[in-house]
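No hydrogens, no waters, no symmetry mates; every other heavy atom, side chains included, goes into these values. What you are looking at is a predicted structure, and each value in this text was computed from that prediction instead of being measured.
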Amino acid sequence: MAALKETLKKIIKFHPYSHVKPLQNLIHVGSEHHGYTIPNNYLDKNSICYCIGAGEDISFDTELKVLFDSNVFIFDPMPEGINYFKKLKNTLEKGETFGVFDDKNFLYRLNSKQINEITYVNKGVWNEKTTLKFYAPQLDNYISHSVYLFQDSDDYIEAPVDKLKNFMQEFGHMSVDLVKIEIEGAEYTVIDSIIKDKLDIKIICIEFDEVYHKKDLAHKLRIRKSSNQLLKAGYVMVHSTYMMKRTFVRKDVYDFLKSKE
């Protein structure tokens, strides 16, 4: 009973804005629900950006191309992501406009040339090279499959996954300037892998999805543990929303951007 009370105290004390050290020149990129807040004065045409998880909103991913002309790689093996990317590509090639279905205020701004410069990878990111089951959601108006969530579902799709380290080697990237992780609860495993492999990544944007799909009452402890791992690995949390969408900047990059304020 005493241990349970102590755990509950830790959960209650957990605050979404704890440990945030903001930079002045931060901007929100992408749609309201699937965008992230990042430094406005760091990425450029030479930057490498890995966007893990697509679904039916790649507004953040495409805006990295529009705003900074960065080299964008999108990773998602699920049919909802693959089909959405193809639909957006076909729409832009016709010269038509395309908006995010749950954010009527966001219209994709890139053109057909820009989307053809984005690399879509039909594989998922995990902590090893293997094949995993992605479970279908048992929720109305929700389309994203998950390795971590919805495991009581008998409906799943098997798909290939690999380590981020291996993808970097495959594409010849010694370092990555920004990684976005939006993968329905599997972010814990990928973060562990990034830290274990000591990958050269400057900015990490994460959606901690258990805020929306709680597996149990300890989800806040898992989020805090994962966030603390990044802090201990040398990252600074520069932004967090109430719903735990967080941006971490590696300390050397943070210090450089801070010096320019």
Side-chain angles (χ1 to χ4, degrees), residues 28-36 38 47-68 70-93 98-103 106-110 112 114-126 131-137 139 141-150 156-164 167-168 170-171 176-187 189-191 194 201 203-209 212-213 245 247:
H28 180 87
V29 174
S31 66
E32 179 182 355
H33 297 297
H34 290 276
Y36 292 84
I38 64 172
S47 299
I48 305 296
C49 301
Y50 283 8
C51 296
I52 307 170
E56 292 188 342
D57 187 336
I58 52 173
S59 55
F60 175 75
D61 318 38
T62 58
E63 283 293 292
L64 295 175
K65 170 59 68 175
V66 172
L67 292 171
F68 311 109
S70 296
N71 301 284
V72 179
F73 294 75
I74 300 175
F75 300 80
D76 195 327
M78 291 296 97
E80 55 266 22
I82 295 169
N83 294 336
Y84 186 79
F85 186 78
K86 289 179 179 177
K87 182 179 179 181
L88 175 58
K89 193 173 182 179
N90 291 337
T91 303
L92 294 176
E93 287 175 352
F98 195 98
V100 174
F101 79 95
D102 63 348
D103 188 342
F106 186 90
L107 292 176
Y108 287 97
R109 301 192 297 163
L110 75 172
S112 58
Q114 289 171 317
I115 198 167
N116 281 315
E117 292 174 350
I118 294 176
T119 301
Y120 192 102
V121 183
N122 298 353
K123 294 180 181 179
V125 178
W126 192 238
T131 298
L132 292 179
K133 293 178 179 178
F134 289 76
Y135 296 90
L139 302 168
N141 301 317
Y142 195 83
I143 53 90
S144 296
H145 289 71
S146 173
V147 170
Y148 181 76
L149 305 172
F150 320 128
Y156 61 84
I157 298 171
E158 292 188 332
V161 296
D162 205 346
K163 297 176 69 172
L164 201 59
F167 283 121
M168 290 174 65
E170 177 183 342
F171 292 117
V176 177
D177 295 281
L178 182 146
V179 170
K180 179 205 81 174
I181 306 173
E182 192 166 326
I183 46 177
E184 316 303 322
E187 58 271 8
T189 300
V190 173
I191 292 167
I194 287 173
I201 298 171
I203 301 171
I204 302 178
C205 301
I206 311 164
E207 178 183 75
F208 287 101
D209 196 77
Y212 303 95
H213 308 106
K245 296 192 76 166
T247 302

Would you check, one step at a time, whether the test side chain to side chain contact (heavy atoms under 4.5 Å, CB included) holds for Trp126 with Asp162? CA-CA 5 Å; Trp126 192 238; Asp162 205 346; over 6 Å; no
Any side-chain donor-acceptor pair under 3.5 Å between Tyr36 and Glu182?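 Short answer, yes.
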What distance separates [X] [atom1] from [Y] [atom2], expressed to the nearest 0.5 Å?
X      : Y      : atom1 : atom2 : result
Ile183 : Ile206 : CD1   : CD1   : 9.5 Å
Lys245 : His34  : NZ    : NE2   : 6.5 Å
Glu63  : His28  : CD    : NE2   : 9.5 Å
Leu88  : Glu56  : CG    : CD    : 11.5 Å
Phe73  : Met168 : CZ    : CE    : 11.0 Å
Leu110 : Leu92  : CG    : CG    : 5.0 Å

Identified side-chain contact (heavy atoms from CB on, under 4.5 Å) partner of Ile115 from the options Phe85, Tyr120, Tyr108: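 One option only clears the test, and that one is Phe85.
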In a check of side-chain contact (heavy atoms from CB on, under 4.5 Å) between Ile52 and each of Ile74, Leu164, Val121, which one passes? Leu164
Report yes if some heavy atom in the side chain of [X] is under 4.5 Å from a heavy atom in the side chain of [Y]; otherwise report no.
X      : Y      : value
Asp61  : Ile118 : no
Ile38  : Leu64  : yes
Ile201 : Ile194 : yes
Tyr50  : Ile204 : no
Arg109 : Leu67  : yes
Ile157 : Met78  : yes
Glu93  : Asn90  : yes

Locate the shortest heavy-atom distance separating [X] from [Y]; write the atom from each residue and the value.
X      : Y      : result
Lys65  : Glu117 : NZ-OE1, 3.3 Å
Glu207 : His33  : OE2-O, 4.4 Å
Leu178 : Cys205 : CD1-SG, 4.2 Å
Phe60  : Gly35  : CB-CA, 4.4 Å
Asn122 : Pro160 : O-CG, 4.1 Å
Ser31  : Ser59  : N-OG, 2.9 Å

Full working for side chain to side chain contact (heavy atoms under 4.5 Å, CB included) between Ile82 and Asp76: CA-CA 7 Å; Ile82 295 169; Asp76 195 327; 6.0 Å; no
Side chain to side chain contact (heavy atoms under 4.5 Å, CB included) for Ile203 and Thr247? Distances and angles first, verdict last. CA-CA 7 Å; Ile203 301 171; Thr247 302; 4.0 Å; yes
Mutual orientation of the aromatic rings belonging to Phe75 and Phe171 [parallel < 30°, tilted 30-60°, perpendicular > 60°]: perpendicular
Verdict with reasoning, Cys51 to Val72, per side chain to side chain contact (heavy atoms under 4.5 Å, CB included): CA-CA 7 Å; Cys51 296; Val72 179; 4.2 Å; yes
Closer than 3.5 angstrom, by distance alone: can the side chain of Asp177 be matched with the main-chain N or O of Cys49 as a donor-acceptor pair? no
Are the aromatic ring centres of Tyr84 and Phe98 under 6.0 angstrom apart? yes
